[in-house]
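All residue numbers refer to positions in the sequence shown, counting from 1.
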Amino acid sequence: QVQLVESGGGLVQTGGSLRLSCAASGRTFGTYTMGWFRQAPGKEREFVGGISRSGDFTYYAGGVKGRFTISRDNAKNTVYLQMNSLKPEETAVYYCAASSIACSGYGCPIRSILYGYWGQGTQVTVSS
């Protein structure tokens, strides 16, 4: 069992940057694949990216490659999402989630149902 709490959301101008954090409870953080998702009003929740248990491998949705970076610090029980060159259409609630399914050479889990633990979300608003 883990509890996840996101922070770092806010208002940013088009082209700006934000760094989101997700703090996890417990001592088993390093056994989970971690993912970031986002959900805009009226749209389905979508996968943003994932990171392996060790942090050695990261995988991203095509639309954010080159602009977003996921990292983790297992000693601090924290995963991060660095977002650069933000666009208005990326306004959404951003969630972190934990999965018991490991990443592979093909990528990380991308379906929401494969993640058993979720944070409460943090609002990111990109103004035009």
Side-chain angles (χ1 to χ4, degrees):
Q1 274 280 347
V2 294
Q3 290 84 236
L4 306 173
V5 180
E6 301 95 335
S7 62
L11 176 65
V12 65
Q13 293 183 345
T14 297
S17 298
L18 279 177
R19 188 195 195 203
L20 307 183
S21 298
C22 175
S25 67
R27 54 185 175 271
T28 60
F29 177 69
T31 70
Y32 293 100
T33 294
M34 297 299 297
W36 285 95
F37 293 77
R38 65 189 179 192
Q39 187 167 25
K43 302 185 71 174
E44 293 187 344
R45 189 168 299 184
E46 67 172 341
F47 175 78
V48 174
I51 187 167
S52 63
R53 297 168 181 175
S54 67
D56 290 343
F57 307 100
T58 54
Y59 303 87
Y60 303 94
V64 307
K65 288 180 181 176
R67 297 187 298 115
F68 289 13
T69 303
I70 299 173
S71 60
R72 69 191 295 165
D73 186 339
N74 288 350
K76 294 183 177 180
N77 277 199
T78 304
V79 62
Y80 306 94
L81 178 64
Q82 177 68 46
M83 304 184 291
N84 298 328
S85 301
L86 282 161
K87 307 171 182 179
E89 56 264 38
E90 292 174 317
T91 293
V93 177
Y94 283 70
Y95 300 89
C96 67
S99 176
S100 296
I101 300 173
C103 299
S104 72
Y106 295 100
C108 294
I110 63 173
R111 297 177 64 198
S112 296
I113 197 171
L114 300 179
Y115 288 80
Y117 305 96
W118 294 82
Q120 84 288 349
T122 186
Q123 176 71 45
V124 172
T125 302
V126 185
S127 65
S128 59

Geometric class of the Trp118/Phe37 ring pair [parallel <30°, tilted 30-60°, perpendicular >60°]: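 Aromatic pair Phe37/Trp118 classed tilted.
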Taking atom [atom1] of [X] and atom [atom2] of [Y], what is their separation to the nearest 0.5 Å?
X      : Y      : atom1 : atom2 : value
Leu11  : Gln123 : CG    : CD    : 10.0 Å
Lys87  : Arg67  : NZ    : CZ    : 4.0 Å
Ser100 : Tyr32  : OG    : OH    : 5.0 Å
Phe29  : Met34  : CZ    : CE    : 5.0 Å
Ile51  : Cys108 : CD1   : SG    : 8.5 Å
Arg111 : Ser99  : CZ    : OG    : 11.5 Å

Sole candidate of Gln120, Arg45, Arg38 that passes side-chain contact (heavy atoms from CB on, under 4.5 Å) when paired with Tyr95: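 Result: among Gln120, Arg45, Arg38, Arg45 is the only option passing the side-chain contact (heavy atoms from CB on, under 4.5 Å) with Tyr95.
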Determine the minimum heavy-atom distance between [X] and [Y], stating which atoms define it.
X     : Y     : result
Gly9  : Leu20 : N-CD2, 3.6 Å
Trp36 : Tyr80 : NE1-O, 3.5 Å
Leu4  : Cys22 : CB-SG, 3.9 Å
Asn77 : Gly26 : OD1-O, 2.5 Å
Thr31 : Arg53 : O-NE, 3.2 Å
Ser17 : Gln82 : CB-NE2, 3.9 Å

Spell out, as yes or no, whether a donor-acceptor pair under 3.5 Å connects the side chain of [X] to the backbone of [Y].
X      : Y      : answer
Glu6   : Cys96  : yes
Thr58  : Ile70  : no
Thr33  : Ile101 : yes
Tyr115 : Pro109 : yes
Ser52  : Phe57  : yes
Thr122 : Ser7   : no

Hphob cluster co-occupancy, [X] + [Y], side-chain heavy atoms under 4.5 angstrom:
X     : Y      : answer
Val93 : Phe68  : no
Phe47 : Tyr117 : no
Val12 : Val48  : yes

Leu114 CG: over 12 foreign heavy atoms closer than 6.0 Å: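 Check passes, neighbour count above 12.
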Pairing residues for Arg72 by the salt bridge (Lys or Arg N to Asp or Glu O under 4.0 Å) criterion, not counting sequence neighbours: none
